[in-house]
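Shown next, in structure tokens, is the structure this report addresses.
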Number of protein chains: 2
Amino acid sequence: MDRLPTIEDVARAARVSRQTVSNVLNTPAIVKPETRKRVEVAIRKLAYRPHASARRLRMRKSSTIAIRLDPMTNGISGALLDRFLHALTEQADARGIRILLFTAADPAAEIEQIRKLRAGADVDAFVLTATFHGDPRTEWLVENDVPFVTFGRPWGANDMNNPKHLWVDVDGFAGMREAAIHLIDQGSSRVGFVGWPSLSGTGDDRRRGWQAAVEERLSTSDTDLAALNLSVEDRLEDARDAVVALLESDEKIDGLVCASDTLALGAMIAAASVGRSDLPIIGFDNSPVGQAIGLSSVDQTLDEVAGGALELLLGQTGGDLVHRDAAAGDTRHRLITPHLVIRQPLRLLASDAASTPTATKSAVGNHKNGKETQ
Amino acid sequence: MDRLPTIEDVARAARVSRQTVSNVLNTPAIVKPETRKRVEVAIRKLAYRPHASARRLRMRKSSTIAIRLDPMTNGISGALLDRFLHALTEQADARGIRILLFTAADPAAEIEQIRKLRAGADVDAFVLTATFHGDPRTEWLVENDVPFVTFGRPWGANDMNNPKHLWVDVDGFAGMREAAIHLIDQGSSRVGFVGWPSLSGTGDDRRRGWQAAVEERLSTSDTDLAALNLSVEDRLEDARDAVVALLESDEKIDGLVCASDTLALGAMIAAASVGRSDLPIIGFDNSPVGQAIGLSSVDQTLDEVAGGALELLLGQTGGDLVHRDAAAGDTRHRLITPHLVIRQPLRLLASDAASTPTATKSAVGNHKNGKETQ
DNA sequence: ACTCAAGATTTGAACGATCAAACTTTTGAA
DNA sequence: TTCAAAAGTTTGATCGTTCAAATCTTGAGT
């Protein structure tokens with residue numbers, strides 16, 4: 001046979017009609033077991049699979065979800081979207097849903113792409129990432145009744161309550177708080193925070209988590225709290241410089257939590273370079289680099305995020321879009337609690353030994369055994 | 001209007017027939033300019049786009065290429081596939097081709113997924129990554145006449161000459177050679193190599209590049225060549241330990257090229273920890289982490305790789321599959337020459353100063369200005 | 001004016017599936 | 001045994017597009 005087998009071929013082989021084959025595939029319960037078996041055999045024999053486009057045309061749904069692939073220049077945590085994508089693809093597959101990629105240079109271009117994909121009936125719904133304050137995309141999507149879910153909560157107050165805006169997000173507050181409390185439980189009594197300038201809602205959320213932990217467990221004064229609170233762009237160098245300055249101005253700091261692994265890595269380098277390799281540091285994102293270097297970090301449990309996103313769009317199971325208006329209040333969003341991953345840090349250098357090659361040798365070699373203490 | 005506009009709606013609005021609208025879209029040249037304009041106006045006014053599934057059903061092609069998204073545990077260079085995907089999506093879009101994702105735990109599962117996607121006429125062709133010696137996937141694909149292209153050359157000798165196996169790859173030999181020659185030109189006279197155990201074709205290819213450069217430009221003896229040639233797993237710690245040992249046993253080493261950024265980062269840490277922060281090191285992959293830390297690296301120019309892959313599948317332009325048998329000999333694969341990206345390394349620490357906080361302060365602060373010399 | 005080809009447009013059929021309704025067979029109670 | 005209801009199966013129509021062939025229009029040559 002030259003072409004792929006069609007439902008008609010299967011029907012002929014099983015001596016039944018098209019529709020019966022269709023029923024075996026879609027509503028097996030209504031087919032007599034005997035007949036069903038015969039059809040199933042024919043299907044297997046011909047290695048038949050329904051033609052996806054034909055089915056989509058008839059069903060008026062594409063069973064496809066699109067997501068934009070960022071240019072992804074955000075450094076160390078880059079693989080984040082990567083891991084999310086993987087989880088999303090895997091779970092979508094289980095529901096018979098396909099994931100389609102697209103790119104766009106900016107929000108306006110993204111809206112245009114969405115418009116195109118949508119108008120071509122190519123895609124049923126969209127997953128948006130990296131939402132920001134006053135995001136024009138979500139506004140447009142709601143306006144045009146396009147089904148979507150965002151990874152990242154809406155930071156505008158009015159959007160937050162928009163019942164048409166489904167979202168999943170990671171509870172940065174809880175994650176950062178857990179990280180800080182872990183350090184405090186391990187004996188730290190003066191824990192600093194390295195975060196981003198107060199513009200991104202995400203950054204503020206994580207900052208508040210640290211602050212909550214410190215206020216709850218330690219008696220840090222308000223002025224001290226301000227001094228322990230760093231804000232830098234998400235760059236290794238910026239973080240390093242800021243942390244070096246902090247550590248030099250405040251010798252008593254005995255713990256740091258950071259809003260990203262990039263910042264945490266900068267902090268590790270800073271600590272090492274001022275002879276404080278022992279300073280416990282916790283990052284956020286659980287990036288591959290962090291893993292490689294033994295950085296403790298808050299993991300975003302992207303499996304749960306992906307699962308949550310699909311559930312909001314499609315309900316508990318299956319691949320049919322759920323009507324948003326039908327969703328009850330608390331099923332319109334999901335806040336995932338991340339979890340802390342503790343690692344034995346890889347020593348960047350043997351800071352407490354003399355800096356001659358021979359002296360550092362053994363110290364470096366022992367990294368796997370020695371448990372760091374504060 | 002409740003449903004999306006169809007070609008019929010446009011036809012009515014422009015007072016022409018279905019087919020004329022179709023012609024305006026697909027073969028505008030045969031439509032009288034006057035009529036064409038009228039139709040174009042109607043299309044714009046209704047924001048019409050052809051229904052993708054209907055078109056695919058009729059045309060018997062899906063205009064979709066699928067690619068597997070790895071679990072991606074390969075650490076630091078993880079974002080590699082990410083960047084490739086981005087380039088691929090962008091260039092495919094320009095050709096009217098969509099990129100579909102799928103996942104699979106192992107080669108057998110991947111074959112099964114491919115079979116399914118293929119039988120459902122969901123996908124026209126596949127892009128495979130991370131090919132390896134004796135890869136069962138390519139064998140199966142050739143066997144079953146499934147159009148595909150691999151990112152990564154076939155390492156088996158017989159596959160190499162299989163005209164049905166299209167591939168694109170990065171010339172690791174040329175890249176590593178260029179890196180080593182750069183170091184030599186900058187004054188290095190004893191350049192080592194950190195690579196992977198001799199199993200992966202990719203690793204050997206890169207190793208040979210280093211070897212060629214050294215043999216060509218330096219008078220390194222064969223025994224020395226062997227001593228300068230490290231083989232470790234692609235892990236930070238392994239690389240670090242091996243390089244520490246190397247640097248301690250051989251004080252004259254004044255340059256290192258590495259088969260990956262992961263290894264290079266390990267080497268940087270090793271160098272810093274034995275007081276040799278000045279040691280020039282070049283990695284491979286130009287990963288985001290490498291960028292963040294100022295690591296010089298060989299960039300894979302994934303734009304070109306993606307472009308090459310699409311060209312092999314689809315020809316110079318357009319979205320139609322090119323018949324493999326029609327391709328001339330040298331258009332069946334493409335070897336992309338990577339290019340070296342030189343960066344000013346971020347100092348991991350002030351190794352040549354005393355290790356007290358106050359002493360290191362200024363040295364660290366100056367990282368942006370000082371040009372490292374060898 | 002007449003013919004014929006080239007140019008421009010329209011009509012009917014097909015792509016492969018599902019839905020809705022019609023038809024046939026089985027089942028169970030009177 | 002009879003008949004209605006339930007269960008099982010088939011037929012015709014449809015989704016929105018493009019292909020192939022048919023029809024209509026225009027224009028040049030005689």
Side-chain angles (χ1 to χ4, degrees), chain A residues 1-40 42-43 46-64 96 118-124 319-320, chain B residues 1-40 42-43 46-63 96 118-122 124 319-320:
Chain A
M1 175 125 43
D2 191 20
R3 52 175 181 57
L4 292 170
T6 73
I7 201 171
E8 202 84 44
D9 297 320
V10 177
R12 229 184 333 268
R15 306 162 139 276
V16 293
S17 69
R18 291 192 312 267
Q19 186 60 40
T20 300
V21 179
S22 176
N23 287 338
V24 169
L25 255 37
N26 302 310
T27 47
I30 70 164
V31 178
K32 200 194 327 190
E34 196 177 70
T35 316
R36 181 167 60 209
K37 196 165 283 181
R38 209 164 69 242
V39 172
E40 279 163 350
I43 288 178
L46 297 180
Y48 166 79
R49 294 210 99 212
H51 192 290
S53 293
R55 174 177 250 169
R56 291 204 272 259
L57 171 59
R58 191 60 181 83
M59 309 254 279
R60 309 174 130 279
K61 71 171 190 195
S62 66
S63 300
T64 301
R118 177 78 180 150
D122 241 329
V123 165
D124 288 336
D320 290 318
Chain B
M1 176 127 42
D2 193 21
R3 52 174 182 58
L4 291 170
T6 75
I7 201 170
E8 202 84 45
D9 298 320
V10 177
R12 226 183 336 265
R15 308 163 137 275
V16 294
S17 69
R18 291 195 309 269
Q19 187 60 39
T20 299
V21 178
S22 176
N23 287 337
V24 169
L25 255 37
N26 301 311
T27 46
I30 70 163
V31 178
K32 203 206 298 200
E34 198 177 68
T35 317
R36 181 166 60 212
K37 195 165 286 182
R38 207 165 71 241
V39 172
E40 279 164 350
I43 289 179
L46 298 180
Y48 166 79
R49 294 211 99 212
H51 191 289
S53 293
R55 174 177 250 167
R56 290 204 274 259
L57 171 59
R58 191 58 179 83
M59 308 255 279
R60 309 174 127 280
K61 70 171 189 195
S62 66
S63 299
R118 178 77 182 150
D122 239 330
D124 288 335
D320 291 318

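To find a chain, count down the sequence lines: A is the first, B the second, and so on, and within it residues start at 1.
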- Could you pull out the closest heavy-atom pair between B/G120 and A/R49, with the gap in Å? N-CB, 4.1 Å

- Spacing of B/I43 atom CD1 relative to D/dT17 atom C1', expressed in whole Å: 13 Å

- Query: Thinking salt bridges, do A/D122 and B/R55 make one under a 4.0 Å N-O criterion?
  - Reply: no

- Closer than 4.0 Å, any side-chain N/O of B/R60 to the OP1 or OP2 of C/dC15? no

- Query: Rounded to the nearest Å, what distance is computed from the CG atom of residue A/L57 to the C1' atom of nucleotide D/dG16?
  - Reply: 6 Å

- Hey, is A/D124 close enough to A/R56 for a salt bridge, meaning N to O under 4.0 Å? no

- Give the rounded distance in Å between these two atoms: CZ of A/R15 and P of D/dT9. 15 Å

- Task: Report the residue (B/K32 or B/A54) whose heavy-atom-nearest nucleotide on DNA chain D is the more 5′ of the two.
- Result: B/A54

- Using atom CZ of B/R36 as one end and atom C1' of C/dA8 as the other, report the distance to the nearest whole Å. 12 Å

- Message: Side-chain N or O of A/T6 versus OP1/OP2 of C/dG16: is the shortest distance under 4.0 Å?
- Response: no

- Euclidean distance, atom CZ of residue A/R3 to atom P of C/dA14 [Å, nearest integer]: 13 Å

- Query: Are A/T20 and D/dG8 close enough that a side-chain N or O sits under 4.0 Å from OP1 or OP2?
  - Reply: no

- Donor-acceptor pair (no angle test) under 3.5 Å: B/R55 side chain, D/dT17 base: no

- Message: Quick check against the 3.5 Å criterion: does B/R36 have a side-chain atom that pairs as donor or acceptor with the backbone of B/V24?
- Response: no

- Round to a whole Å and report the spacing from CG of B/L46 to P of D/dG16. 14 Å

- Which residue, A/E8 or B/I30, contacts DNA chain C at a nucleotide closer to its 5' end, judged by nearest heavy atom? B/I30

- Are OP1 or OP2 of C/dT18 and a side-chain N or O of A/S22 less than 4.0 angstrom apart? yes

- Using atom CZ of A/R56 as one end and atom P of D/dT17 as the other, report the distance to the nearest whole Å. 15 Å

- Message: Is A/N26 close enough to C/dT18 that one of its side-chain N or O atoms is under 4.0 Å from OP1 or OP2 there?
- Response: yes

- Candidate nucleotides C/dT11, D/dC15, D/dT17, ranked by approach to the side chain of B/S17 - the nearest: C/dT11

- Task: Give the rounded distance in Å between these two atoms: CG of B/L4 and C1' of D/dT17.
- Result: 14 Å

- Looking at A/I7 and A/V21, what are the two nearest heavy atoms and their distance? CG1-CG1, 3.5 Å

- Message: If you go through the side-chain atoms of B/R18, does one of them form a donor-acceptor pair with the base of C/dG12 closer than 3.5 Å?
- Response: yes

- Taking only side-chain nitrogens and oxygens of A/T35, does any of them come within less than 4.0 Å of OP1 or OP2 of D/dT9? yes

